[in-house]
> 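Shown below is the structure under consideration.
Keep in mind that this is a model prediction, so the values were computed, not measured.
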Amino acid sequence: MSNKSRNSPVFLEKTIDLSLIFNILDLANQLKANGDKICQQYGVTTQQWLILLHLAHDPNIPYFERQEHSLPILASELAESLSVTRPNVTNLLQTLSQKELIEQMADQTDARRKRLMLTEKGWEVVRQIQPIRIRTNEWLFEDFDGPQKKEFLNFLQGCLTRITHAK
């Protein structure tokens, strides 16, 4: 194989599909960085904030759209929703518990299983960050009308469904 063909980036070409992926990844990184700045002010990380939202049963979380859920959530359900390992969630939960933002209670049907819920202090963090979250989201999407936002949401949900079912 010649040096020219081995080093030639023939397979690297500009496509809409690849550009979409890189833009989605860049957007996710920017959203996380912005979220980190906001959450830091309230003593939590973005990952911890996402857990607090799960325990608050935020209806915007896709997991709750797919499942009927009225009980406090289990750590295994949290790991599934966040697409992370159980040990990763366990570490985050220990930190949130040490900060007295969450507490565990025995499951009614199986005492070995622990259900998670927000403490009053945890609810207070949610109440403090939520207005900032709403303002930030309104600012981010202010140039889009309702149908555009719905179309974008449908596109993202379609991608998530496809990748979730491919696992």
Side-chain angles (χ1 to χ4, degrees), residues 7-67 69 73-99 101-102 116 118 121-167:
N7 295 326
S8 178
V10 174
F11 61 93
L12 296 176
E13 60 184 73
K14 181 124 176 111
T15 69
I16 191 75
D17 292 351
L18 294 173
S19 293
L20 277 167
I21 295 300
F22 279 114
N23 277 274
I24 290 169
L25 290 171
D26 193 24
L27 176 61
N29 288 334
Q30 295 294 328
L31 288 170
K32 185 179 178 319
N34 189 53
D36 286 342
K37 280 190 243 177
I38 293 167
C39 291
Q40 240 174 14
Q41 298 170 39
Y42 298 93
V44 295
T45 66
T46 302
Q47 281 186 309
Q48 292 167 354
W49 167 243
L50 289 174
I51 289 174
L52 297 179
L53 288 176
H54 276 78
L55 299 185
H57 288 265
D58 185 320
N60 300 292
I61 296 173
Y63 181 78
F64 295 120
E65 289 179 3
R66 295 189 303 267
Q67 313 229 359
H69 227 290
I73 195 166
L74 296 166
S76 58
E77 295 168 324
L78 196 53
E80 177 188 342
S81 178
L82 294 170
S83 298
V84 297
T85 64
R86 176 69 194 268
N88 187 331
V89 165
T90 299
N91 291 336
L92 291 165
L93 293 173
Q94 285 174 347
T95 301
L96 288 169
S97 185
Q98 289 167 351
K99 293 179 180 186
L101 299 176
I102 67 167
L116 306 164
L118 294 174
K121 190 174 175 183
W123 277 110
E124 186 56 33
V125 170
V126 172
R127 282 191 286 270
Q128 289 174 334
I129 296 177
Q130 184 64 3
I132 299 165
R133 174 186 181 208
I134 291 169
R135 283 193 307 274
T136 302
N137 291 346
E138 287 172 348
W139 168 81
L140 183 63
F141 296 114
E142 71 184 1
D143 293 335
F144 301 94
D145 64 21
Q148 288 172 315
K149 288 189 262 188
K150 182 68 175 161
E151 183 177 359
F152 187 52
L153 178 61
N154 287 338
F155 166 75
L156 290 174
Q157 287 173 333
C159 289
L160 285 169
T161 298
R162 179 175 289 268
I163 204 163
T164 301
H165 291 303
K167 290 182 181 178

> Taking all non-hydrogen atoms of both residues, which atom of Thr46 and which atom of Lys32 are closest, and how far apart?
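In terms of heavy atoms, the two residues are closest at OG1-O, 3.6 Å.
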> Evaluate Ile134 against Glu138 for side chain to side chain contact (heavy atoms under 4.5 Å, CB included), listing each step before the verdict.
CA-CA 6 Å; Ile134 291 169; Glu138 287 172 348; 3.5 Å; yes
> If I take atom CG from residue Asp58 and atom OH from residue Tyr63, how far apart are they, to the nearest 0.5 angstrom?
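Answer rounded to 0.5 Å: 14.5 Å.
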> Rounded to the nearest 0.5 Å, how far does CG of Leu92 lie from CD1 of Ile51?
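Those atoms lie 4.5 Å apart.
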> Looking at CG of Asn29 and CG of Asn34, how far apart are the two atoms once the value is rounded to the nearest 0.5 Å?
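Reported to 0.5 Å precision, the distance equals 12.5 Å.
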> Backbone N or O of Leu93 within a donor-acceptor pair of the Ser97 side chain at under 3.5 Å?
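Not a single qualifying donor-acceptor pair exists.
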> Considering all heavy atoms of both residues, which atom of Lys99 and which atom of Val44 are nearest to each other, and what is their separation?
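It is NZ-CA, 4.0 Å.
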> Under 4.0 Å between a side-chain nitrogen and a carboxylate oxygen: does that hold for Glu124 and Lys121?
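No, this pair does not count.
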> Could you check whether atom NZ of Lys150 has more than 12 heavy atoms from other residues, nucleotides or ligands sitting under 6.0 Å from it?
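Atom NZ in Lys150 is not crowded, with 12 or fewer foreign heavy atoms closer than 6.0 Å.
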> Can a donor-acceptor pair be found, under 3.5 Å and without considering hydrogens, that links the side chain of Gln148 to the backbone of Asp145?
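At least one qualifying donor-acceptor pair exists.
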> Out of Leu101, Leu50, Leu118, Val126, which residue meets the side-chain contact (heavy atoms from CB on, under 4.5 Å) rule with Leu55?
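Testing each of Leu101, Leu50, Leu118, Val126 against Leu55, the sole residue satisfying side-chain contact (heavy atoms from CB on, under 4.5 Å) is Leu118.
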> What are the two closest non-hydrogen atoms of Ile73 and Leu78, and how far apart are they?
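Nearest pair, atom of Ile73 first, then Leu78: CD1-N, 4.0 Å.
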> Please answer whether the main-chain N or O of Glu77 pairs with a side-chain N or O of Ser81 as donor and acceptor at a distance below 3.5 Å.
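Such a contact is absent between Ser81 side chain and Glu77 backbone.
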> May I have the step-by-step check of side chain to side chain contact (heavy atoms under 4.5 Å, CB included) for Glu142 and Trp139, ending in yes or no?
CA-CA 5 Å; Glu142 71 184 1; Trp139 168 81; 4.1 Å; yes
> Out of curiosity, Leu52 CG to Ile129 CD1, how far, rounded to the nearest 0.5 Å?
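Reported value, rounded in 0.5 Å steps: 7.0 Å.
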> Taking atom CD as the centre, does Gln128 end up with more than 12 heavy-atom neighbours from other residues, nucleotides or ligands that are less than 6.0 angstrom away?
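It does: Gln128 CD has more than 12 such atoms within range.
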> What distance separates Leu116 CG from Leu96 CG, expressed to the nearest 0.5 Å?
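Here the interatomic distance stands at 9.5 Å.
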> State the OG1-CG distance between Thr85 and Asn91, to the nearest 0.5 angstrom.
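Thr85 atom OG1 to Asn91 atom CG measures 8.0 Å (nearest 0.5 Å).
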> Measure across Gln130 and Arg133 and return the closest heavy-atom pair with its distance rounded to 0.1 Å.
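Gln130 and Arg133 have their closest heavy atoms at OE1-NH1, 2.9 Å.
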> What pairs of residues pass the ring pair (Phe, Tyr, Trp, His ring centres under 6.0 Å) test when at least one of them lies in residues 30-54, not counting sequence neighbours?
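Every pair satisfying ring pair (Phe, Tyr, Trp, His ring centres under 6.0 Å) with a residue in residues 30-54: His54-Phe64.
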